[in-house]
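Computed from a predicted structure; not experimentally measured. Quick note: numbers below take in every heavy atom, side chains included, and nothing from hydrogens, waters or symmetry partners. Residue numbering restarts at 1 for every chain, and letters A, B, ... go by the order of the sequence lines.
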Amino acid sequence: MLTAILIMTGIAIVLGAALGYASIRFKVEGDPLVEKIDAILPQTQCGQCGYPGCKPYAQAISNGEADINQCPPGGEEGIRKLADLLGREFKPLSEEHGTEKPKSVARIDEQVCIGCTLCIQACPVDAILGAAKQMHTVVAPLCTGCELCVAPCPVDCISMVPVAETVENWKWKYPVHELRSVA
Amino acid sequence: MTSYIFIIIGAVLVNNVVFVRILGLCPFMGVSKKLETAVGMGAATTFVLTLACGTSYLIDHYLLEPFDLAFMRTLSFIVVIAAIVQLTELVIQKTSPVLHQVLGIYLPLITTNCAVLGIPLLNVGLRHDLLESLLFGFGSSIGFTMALILFAGIRERLDGADVPTPFRGTAIAMVTAGFMSLAFMGFAGLDRFH
């Protein structure tokens with residue numbers, strides 16, 4: 001009985017020590033901060049921040065290369081959340097990266113579309129369907145409203161339509177009252 | 001030398017872990033929907049099972065038997081296997097992130113694979129020495145991998161097959177597994193490899 005307990009304890013101690021040593025010896029430097037920042041960003045993959053997508057922008061923020069106010073789709077709310085997460089001061093959206101617009105989706109005027117596929121290539125989330133010389137259309141639930149398809153269209157048939165607020169997509173607004181320290 | 005080959009062939013075909021011993025059915029049913037994941041799971045299991053067979057032989061032979069503690073076998077083997085799986089995951093994550101990504105969640109899941117506990121216990125029952133234990137573990141896990149890959153291939157076909165509605169999904173998979181098990185009974189004719 002006693003030997004059994006002693007041997008099991010011995011095995012447990014040896015294995016525990018081995019695992020503890022291995023977890024230090026084989027530690028992988030992950031960066032959980034990038035994941036957290038990426039989770040706040042709106043995932044439009046629009047590139048308005050100057051980086052090729054939301055993840056690279058999150059990486060740049062985490063490395064201190066980029067400021068937190070370069071994401072127009074995320075808007076003021078997004079900057080506020082980033083400021084909270086990183087413990088920085090809130091600052092308004094930087095002018096050079098664009099302005100905040102109401103959330104909208106692209107719409108293709110199907111009468112005008114010539115089927116050139118240029119907008120399909122521009123779409124970062126594959127939300128546009130169509131083939132060469134066939135009419136294209138936007139899959140609205142997938143569209144992130146990044147406007148990247150508007151510029152390449154040779155016949156200007158893509159317009160951004162704001163998403164109307166309905167019972168289904170209505171959300172509580174971010175509180176506008178700022179907490180001030182009472183000194 | 002021939003006895004070692006017999007051990008491997010016997011473990012892969014005659015006494016296939018999944019089809020004949022009916023061990024490790026959870027990953028067999030769970031991760032056989034796609035060929036890629038089946039291969040990943042098979043590779044991870046092969047690695048862990050071979051290692052587990054070796055270490056559990058050492059524990060049994062040098063710790064449990066001298067102190068007459070055979071009743072502690074299951075308990076100590078489980079502890080050792082759990083530790084090995086953790087250790088393997090740490091080492092693979094550091095040395096080969098690509099492999100770690102391929103194996104993904106399947107690596108920690110091996111802890112609960114009953115084949116990984118069953119084969120070391122069978123090793124003790126069959127009175128294998130260290131090399132035989134390692135070979136038996138390796139052969140069994142090759143058999144497991146083969147079963148997983150064969151089954152995944154069939155299930156990928158089943159997805160496109162015209163199966164009657166009540167049988168779709170897991171039901172037809174169970175029926176298929178039963179037939180495959182029956183087919184593997186045919187290898188029992190190679191009885192001398194037993």
Side-chain angles (χ1 to χ4, degrees), chain A residues 1-41 43-45 47 51-66 85 124-126 129 131 139 141-142, chain B residues 44 47-49 51-105 107-112 116-117 120-121 124:
Chain A
M1 174 67 188
L2 193 64
T3 37
I5 295 176
L6 282 179
I7 285 189
M8 279 313 285
T9 320
I11 293 178
I13 289 175
V14 170
L15 291 175
L19 279 180
Y21 174 72
S23 67
I24 297 167
R25 172 77 178 70
F26 297 104
K27 197 178 171 75
V28 176
E29 260 89 85
D31 201 348
L33 187 61
V34 176
E35 303 291 328
K36 279 188 198 158
I37 297 174
D38 194 42
I40 292 176
L41 296 176
Q43 304 305 321
T44 49
Q45 317 297 350
Y51 294 89
C54 294
K55 191 79 182 254
Y57 178 45
Q59 189 88 47
I61 295 179
S62 152
N63 293 347
E65 292 161 14
L85 175 72
V125 291
D126 286 342
L129 278 178
V139 185
L142 297 181
Chain B
F47 189 77
V48 171
L49 185 49
L51 215 59
C53 277
T55 34
S56 53
Y57 173 81
L58 294 177
I59 295 259
D60 187 62
H61 198 71
Y62 293 105
L63 271 179
L64 299 185
E65 273 184 4
F67 293 101
D68 203 21
L69 290 173
F71 62 92
M72 300 284 288
R73 236 170 235 152
T74 310
L75 194 60
S76 47
F77 283 9
I78 286 187
V79 173
V80 170
I81 289 166
I84 290 178
V85 172
Q86 288 297 315
L87 205 67
T88 315
E89 200 193 358
L90 285 171
V91 174
I92 289 184
Q93 197 173 11
K94 180 73 177 181
T95 51
S96 161
V98 182
L99 186 64
H100 186 257
Q101 224 163 30
V102 172
L103 297 180
I105 185 68
L107 210 49
L109 273 182
I110 296 172
T111 322
T112 55
V116 179
L117 177 66
L121 286 175
V124 177

Determine whether A:Met8 and B:Val79 make a side-chain contact, defined as any pair of heavy atoms from C-beta on separated by less than 4.5 Å.
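Counting from C-beta outward, A:Met8 and B:Val79 do come under 4.5 Å.
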Student check: side-chain heavy atoms of A:Ile7 and B:Met72 closer than 4.5 Å
no
For B:Phe71, does the CZ atom have more than 12 heavy-atom neighbours from other residues, nucleotides or ligands under 6.0 Å away?
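Yes.
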Check A:Lys55 with A:Glu35, please: is the shortest side-chain N to carboxylate O separation under 4.0 Å?
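Here A:Glu35 pairs with A:Lys55 in a salt bridge, since their nearest N and O are under 4.0 Å apart.
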Tell me, side chain or backbone of B:Ile84 under 4.5 Å from chain A's heavy atoms, or both, or neither?
neither
Measure B:Leu90 against the heavy atoms of chain A and call it side chain, backbone, both or neither at under 4.5 Å.
both
So which residue, A:Val14, A:Leu15, A:Thr3, ends up with the most heavy-atom pairs under 4.5 Å with chain B?
A:Leu15
